[in-house]
Number of protein chains: 2
Amino acid sequence: MLSKTAEYALRATIYIALKGSEDNKLGIEEIAQGIDSPKSFTAKILQLLTQNNRVISSVRGPNGGFFLTDRARKLPVKAILEAVEEESVITKCVLGLKECSETRPCPMHTQYKAIKKQLKQMFEKTSIQQLVDEFNKGNYFIDNLKGVRKPC
Amino acid sequence: MLSKTAEYALRATIYIALKGSEDNKLGIEEIAQGIDSPKSFTAKILQLLTQNNRVISSVRGPNGGFFLTDRARKLPVKAILEAVEEESVITKCVLGLKECSETRPCPMHTQYKAIKKQLKQMFEKTSIQQLVDEFNKGNYFIDNLKGVRKPC
DNA sequence: GTAAAAAAGGACACAAATATCCTTTTTTAA
DNA sequence: TTAAAAAAGGATATTTGTGTCCTTTTTTAC
């Protein structure tokens, strides 16, 4: 469904949103461990996510690291996919036809259309913050980050 | 969503089901042209689909080629994905977590579950023949195969 | 039984995705 | 103002997916 790049992008962003803040920036080491991904490769992906101040913010030097602004937390999950150029899932034809449309549909078009619509909605209507909230209800996981309620 | 391999596998199978029969076997040349795919690569994929007499049948030598038996036409589309080992779309976690389940769900699990279920149903409940029927209603396309009603 | 046609199979080539490593730049704190 | 910490960036390696080519095997028609 998604490439490793996109998976790591999603996991990393959610991880940073969950454990980090402007006062508590996270280093690439911790992030990669937290989401069980290769460190250097993940670093590259985070670069994509920070470019043009898109989804993730970063600061260099001591006490530097990655974090999400409040603005970024409101972004739809789709913004993460856009940053790593992986939107094809919600646009492409299942059979990979170049021309597949309402007026020139492939044999699976009608059935797949409904599914694609829901995928699109999931990525567009769900914000990063919503995933954080969901997670904080407890019982959710991201690799090495267990979903336990933060102490009040 | 799907790999090129899977896309070609689907396109080729549908094409053969549409244009071929036991009396009118199709050659790799025609198939590749018909679905706009690289010939030799497609040949390899058809090998996967014929192995163990799975989805596609083939005969060597003059007048040989590929065709689908009536039995094969009743197979679900999923059988094509199985042949090329591309079932992960309907099983994997969106975030790519090794352990993501009802008891240990990722933050997107609940939402994605519904979509995965529909994907699964689409591939399991739709038979190759159904796609052929759909196509023969007219107006459908597979690259170089236009969906026009066969002459009666 | 020989030649031709067609798929099957093996080996290789190329490209893209994934992954690693090292250097450079920025920033902070002492 | 210097040393250390951290991300950014560049270069390269590895693996997987995609694609090509050539030989072998099977089958048919003559």
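Lettering of chains follows the sequences in order, A, B, ..., and the numbering in each one begins at 1.
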TODO: With the side chain counted from C-beta on, respond yes when B:V77 and A:Q111 share a heavy-atom pair under 4.5 Å apart, and no when they do not.
DONE: no
TODO: Between A:S3 and B:I28, name the one whose nearest nucleotide on DNA chain C is closer to the 5' end.
DONE: B:I28
Open item on the list: So, does A:Y8 get its side chain near the phosphate of C:dT18, meaning an N or O under 4.0 Å from OP1 or OP2?
Closed with: no
Task: Between C1' of D:dG19 and CD1 of B:I45, the distance in whole Å - done: 10 Å
Open item on the list: Can you confirm whether A:F66 sits close enough to A:S58 that some side-chain heavy atom of one is under 4.5 Å from a side-chain heavy atom of the other?
Closed with: yes
Open item on the list: What contact category does A:L48 fall into here, base, sugar-phosphate, or nothing, at under 4.0 angstrom with non-hydrogen atoms?
Closed with: nothing
TODO: Would you mind telling me which residue lines up with the more 5' stretch of DNA chain C, B:G27 or A:K44, judged by nearest nucleotide?
DONE: B:G27
Open item on the list: Distance check needed: C:dA6 P versus B:I31 CD1, whole Å only.
Closed with: 12 Å
Task: A:E7 CD - C:dA17 P separation (whole Å) - done: 14 Å
Open item on the list: Between C1' on C:dA8 and CD on B:E29, what's the gap in Å once rounded to a whole number?
Closed with: 17 Å
Task: B:K39, B:K19, B:K25 screened by side chain to side chain donor-acceptor pair (under 3.5 Å) with B:E30, the one that passes - done: B:K19
TODO: Would you check if A:K74 and A:Q129 make a side-chain contact, meaning some heavy-atom pair closer than 4.5 Å?
DONE: no
Open item on the list: Output the rounded distance in Å from CG (A:L49) to P (D:dA8).
Closed with: 11 Å
Open item on the list: It should be established whether A:Q47 places a side-chain nitrogen or oxygen under 4.0 Å from OP1 or OP2 of nucleotide D:dA7.
Closed with: no
Open item on the list: Distance check needed: D:dT16 P versus B:E85 CD, whole Å only.
Closed with: 14 Å
Task: CZ-CD1 distance between B:F41 and B:I28, expressed to the nearest 0.5 angstrom - done: 11.5 Å
Task: Given C:dA8, C:dG9, D:dT20, the nucleotide with the shortest approach to the side chain of B:P38 - done: D:dT20
Open item on the list: In the structure I gave you, are the side-chain heavy atoms of A:I115 and A:Y112 within less than 4.5 Å of one another anywhere?
Closed with: yes
TODO: Let me know the distance between NZ of A:K4 and C1' of D:dT16, rounded to the nearest Å.
DONE: 12 Å
Polar atom pairs between nucleotides 26-29 of chain D and protein, under 3.5 Å, N or O only, would you list them?
| residue | atom | partner | partner atom | Å |
| --- | --- | --- | --- | --- |
| D:dT26 | O4' | B:R60 | NH1 | 3.1 |

Open item on the list: Tell me the interatomic distance from B:F41, atom CZ, to D:dC22, atom C1', rounded to whole angstroms.
Closed with: 18 Å
Open item on the list: A side-chain contact here means heavy atoms from C-beta on lying under 4.5 Å apart; do A:L10 and A:L131 qualify?
Closed with: no
Open item on the list: When you measure from the side-chain N and O atoms of A:S58 to the phosphate of D:dA8, is any distance below 4.0 Å, counting only OP1 and OP2?
Closed with: yes
